[in-house]
Amino acid sequence: MDKEVIAFQRVVWLLVCVGGIFGAYIYQGYLQETLSTKRFGPDGQRFQHLPFLSFLQNVVCLVWSYIMTKLWSTKSSGTAPLWEFWSPGITNTIGPALGLQALKYISYPAQVLAKSSKMIPVMLVGALFYGIKYTLPEYICTSLVASGVSLFALSKSSSKTVSKIAHPNAPLGYGLCLGNLLFDGYTNSTQDNIKKRYPKTSGWDIMLGMNLWGCVYSLYMFILPGAGGFEAVHFCKQHPEAAWDILWFCVCGAVGQNFIFMTISMFGSLANTTITTVRKFFSILVSSLVSGNPLSDRQWVSVFMVFGGLAYQIYLKWKRTEPRSKDL
């Protein structure tokens, strides 16, 4: 009975994490698309300093996670020290900055779809760097999800969408997204490895360590000439409307990261990647509905591919739990 209660609690926490990630990041995606395409002020200026969003989000998330650790976390000898996060902190600083920079060259739906293949680099890095063994069906599931999202990307074409892009350049945009995926793959697998070595590390501890190092590394924006930090601050002073959008973007990021690190801490990076991949797909649907673009037949095929792969993955996980329940 106790094990059934524990299992039920895990399901509830998983649903809470899913709801938090979906709500925070779908709205953040809307704000991200607005900031990358909207022209502000009477002179119609664009916000060109998109990586600055990553720095501000690190700051807000650092404050948030510090408060959460003081309120909820219990200090223990099994908690990972902050210096353990210096390495994934580097890739977690570069990866999101590349993804944001890609919005100058490709549309928001294209960027989201390109980044939705994240499950594959997570598994590859896990296998190559940490010796994690994945089964063939798991590779089939992730490939099916990535292929479905890619088909959606290839089927979507709208001159209206292209006209909103600051500097259309598909090869460069997708190349930046590829770099984002590779860095994120290392980040997530390393976080998993830290969690295994320090099992008492909470999601807020991970969040604190990652964003602390992210803030340190992102200071380059105010040190290197032309890095954009001071220019971004000046733009926000000139256009308060953009500043409010950026503020809510960071708040959504803090809430979303909170649930992401909770998910990684409780269920692992592959479960987190599955949730965020589905969330990205819904972000595309929301973006399409807002822009008034109906789905084509090929895009509906991609819908079934994505959810077919995810349903199969859930089925495989369920089968792995059956022997345990029979033993009980």
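Heavy atoms only: backbone and side chains are in, while hydrogens, waters and symmetry mates are out.
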Please tabulate, for the side chains in residues 206-223, all donor-acceptor contacts under 3.5 angstrom to protein atoms that are two or more places apart in sequence or on a different chain.
unit_1 : atom_1 : unit_2 : atom_2 : d
N211   : ND2    : M207   : O      : 2.8
N211   : ND2    : Q257   : OE1    : 2.8
W213   : NE1    : L82    : O      : 2.8
Y217   : OH     : W86    : O      : 2.9
S218   : OG     : G214   : O      : 2.8

(message) Between T201 and Y198 (side chain of the first, backbone of the second, donor and acceptor by atom type, cut-off under 3.5 Å), is there such a pair?
(response) yes
(message) Please check this pair: side chain of Q238 against backbone of F235, looking for a donor-acceptor N/O pair closer than 3.5 Å.
(response) no
(message) Applying salt bridge (charged side-chain N to carboxylate O under 4.0 Å, His left out) as the test, list every pair that has at least one member in residues 240-260; sequence neighbours left out.
(response) K38-E241
(message) Using side-chain heavy atoms (C-beta onward) and a distance below 4.5 Å, is I90 in contact with F183?
(response) no
(message) Is the shortest side-chain heavy-atom distance between L53 and Q57 below 4.5 Å?
(response) no
(message) Check for me, please, whether L98 and L224 land in the same ILVMFWY cluster - side-chain distances under 4.5 Å, paths through other members count.
(response) yes
(message) I'd like to know if L62 and F52 are part of one continuous hydrophobic network [Ile/Leu/Val/Met/Phe/Trp/Tyr, side-chain heavy atoms within less than 4.5 Å].
(response) no
(message) Please confirm whether the ring centroid of F230 lies under 6.0 Å from the ring centroid of H234.
(response) no
(request) Answer with yes or no after comparing the ring centroid distance for F47 and F40 against a 6.0 Å cut-off, counting only values under it. (result) no
(message) My understanding is that only one of L103, L100, L31 makes a side-chain contact (heavy atoms from CB on, under 4.5 Å) with S36; could you say which?
(response) L103
(message) Can you confirm whether more than 12 heavy atoms, excluding those of Y66, are under 6.0 Å from its OH atom?
(response) no
